[in-house]
Amino acid sequence: MTTDEIVEVAEDFAQDAHLFSEMLRGGGPVRRVRMPRGLPCYLVTGFAEARALLADPRLQKNSGRIRELFEAKLPPDAPQNGFSLGQDLSQHMLNSDQPDHTRLRKLVNKAFTARTVARLRPRVEEITAELLDALAGQERADLVTSFAAPLPITVICELLGVREEDRTEFSGWSRTLLSAAVRPEEVQAAASNMFGYLTGLIAQKRAEPAEDLLSDLVHASDDGDSLSETELVSMAFLLLVAGHETTVNLIANGVLALLREPAQLARLRAEPELLPGAVEEFLRFDGPIHLATLRFTVEPVEVGGVTIPEGEFVLVSLLGANRDAERYPEPDSLDITRAATGHLAFGHGIHYCVGAPLARLEAEIALGGLLARFPDLALDAKPDELQYRPSSLVHGLETLPVRL
């Protein structure tokens, strides 16, 4: 590969994300690409390179600087939805660098520790049982809409204090904001609606605080912390969206992986004690996030035999890194007994997913409950008929038809 070669990324690359990553990695772990809407960047698919760059302070995420680089690098007529959600929703810890990142993250760390999350187990088990009860008696179902999605949405909304009657509308805005297949005006409308809703919800929590995480965030910012109102809205947006989108896809992708590998499914049924380790393998094998959120270089970075100049965008393929044979032997095979810890499904470095303990807990309870309740569970579609959401960020199925 010459240093000036650019790989043109097809519009539908998310439909076969693993093949896409394998193709890129065949030419090296770091490749220059042009994304479907014209954004030039460096895309990383090697495990060692991905892990190093995710923790490299020479790659930063400041949303203001990203906007400037967009204007300089994108064609004037290129739609920017899918790359930016608007300044009003972007000032959260996932888009911040040190020292702001530490200041923002410390406000939510306590809510997502393993010990704190463990206290949520009875409620997660209760919600799971209610959803499985609703499925009982049905011959067929879409597991995304009937099970994988409502469980984590309910949990995160209860944790933050979002009213039950608002959850369906909120979920719709979230899907629009993460989709690459909608018009820019639809993205802007969803962002505006989300911002308006969260602003009102925060005002309510300020006036009438409750025992929920959002009330805690509001009053932490009122008690001398330098969190601004826009940062507060952005943080609520991040926690609500990231707090359920990852787990929806983890559950659905994990079920699909098992249904396509009957021997693995049979072993997990026979040895349910393998479930915690199996969840780690589902995360490695077909994780919920494809390309990690955008970074840019603040000085030249040499990695994988490539020198990335200053001021260039970098995208890290978490899916690609987790299928790197240099790190995981036979990476395209599902093995629920594999020592899969160390995968990058939740990222690495200071931006490691704060909700990882909760996602693991929800997936373990959901998958365990589903397999125990429906011993004849089977895929109700050909695997090549399944469609993935048109997103460069989330790696998730549109639907998962099953026979119960």
Side-chain angles (χ1 to χ4, degrees), residues 11-21 36 81-82 85 94 131 141-157 167-168 170-182 187 190 238-260 279-293 315-323 334 343-347 353 355-356 358-360 362-364 366-367 370 379-402:
E11 188 75 35
D12 63 348
F13 77 103
Q15 294 306 314
D16 201 336
H18 294 293
L19 183 62
F20 167 74
S21 296
N81 61 298
L85 298 180
L94 192 58
L131 293 169
D142 169 22
L143 273 192
V144 172
T145 57
S146 63
F147 186 64
L151 171 60
I153 289 173
T154 301
V155 172
I156 195 64
C157 285
R167 293 170 193 172
T168 299
F170 159 77
S171 181
W173 295 332
S174 174
R175 288 184 65 86
T176 297
L177 291 171
L178 295 180
S179 175
V182 296
V187 173
L238 173 67
L239 293 174
L240 283 165
V241 173
H244 81 273
E245 285 283 358
T246 297
T247 313
V248 172
N249 300 329
L250 170 55
I251 294 170
N253 294 354
V255 171
L256 176 61
L258 286 172
L259 294 181
R260 297 184 69 176
V279 168
E280 297 307 311
E281 174 67 348
F282 300 143
L283 285 161
R284 181 209 68 82
F285 178 74
D286 201 25
I289 300 296
H290 185 182
L291 305 180
T293 49
L315 284 168
V316 176
S317 173
L318 304 183
L319 291 181
N322 285 334
R323 292 272 188 113
L334 179 72
H343 60 73
L344 300 178
F346 289 123
C353 178
L358 179 57
R360 286 183 166 106
E362 290 174 327
E364 182 181 334
L367 292 168
L370 182 70
L379 189 61
D380 196 27
K382 295 179 180 179
D384 58 5
E385 293 175 347
L386 298 173
Q387 292 292 308
Y388 285 85
R389 293 169 60 181
S391 172
S392 62
L393 176 62
V394 296
H395 175 61
L397 294 160
E398 293 276 13
T399 61
L400 181 56
V402 296

Give a yes or no on whether the backbone of Thr399 and the side-chain of Asp142 come within a donor-acceptor separation of less than 3.5 Å.
no

Heavy-atom side-chain contact between Glu281 and His343 under 4.5 Å: no

Interatomic distance, CG@Leu240 vs CD1@Ile153, rounded to 0.5 Å, equals 10.5 Å

In short, Asn322 meets Leu283 closest at the heavy-atom pair ND2-O, 3.9 Å

Rounded to the nearest 0.5 angstrom, the CG-SG distance for Leu318 and Cys353 is 10.5 Å

Side chains of His395 and Pro288 in contact at under 4.5 Å (non-hydrogen atoms): no

Heavy atoms of Leu151 and Ala366 approach each other most closely as CD2-CB, 3.6 Å

Interatomic distance, CD1@Ile156 vs OG1@Thr247, rounded to 0.5 Å, equals 8.0 Å

Checklist entry - Do the non-hydrogen side-chain atoms of Leu143 and Leu370 ever get within less than 4.5 Å of each other? => result yes

Heavy atoms of Asn253 and Gly287 approach each other most closely as ND2-O, 3.4 Å

Smallest heavy-atom separation, Tyr388 atom then Gln15 atom, equals O-NE2, 2.6 Å

Can you tell if the side chain of Leu393 reaches within under 4.5 Å of the side chain of Leu291, non-hydrogen atoms only?
no

Residues Leu250 and Ala363: closest non-hydrogen pair is CD2-CB, 3.5 Å

CD (Glu364) and CD1 (Ile251) are apart, to the nearest 0.5 Å, by 11.5 Å

>> Contact between Pro390 and Glu11 at the side-chain level, heavy atoms closer than 4.5 Å - yes or no?
In response: no

Applying ring-ring contact (aromatic ring centres under 6.0 Å, His included) to Phe13 and not counting sequence neighbours gives Phe20, His290

Here the gap from Leu239 atom CG to Cys157 atom SG, rounded to the nearest 0.5 Å, amounts to 11.5 Å

Item checked: Heavy-atom check, side chain of Ser174 versus side chain of His244, under 4.5 Å -> yes

Between Phe282 and Leu367, is any pair of side-chain heavy atoms under 4.5 Å apart?
-> yes

Checklist entry - Do Asn249 and Leu397 touch side chain to side chain, with heavy atoms closer than 4.5 Å? => result no

CG (Leu319) and CG (Asp286) are apart, to the nearest 0.5 Å, by 6.5 Å

Contacts satisfying salt bridge (charged side-chain N to carboxylate O under 4.0 Å, His left out) that involve residues 243-258 (not counting sequence neighbours) are Glu245-Arg389

Under 3.5 Å, is there a donor-acceptor pair between the side chain of Arg323 and the main chain of Phe285? yes

What one should report as the nearest heavy-atom pair of Pro401 and Leu379 is O-CD1, 3.5 Å

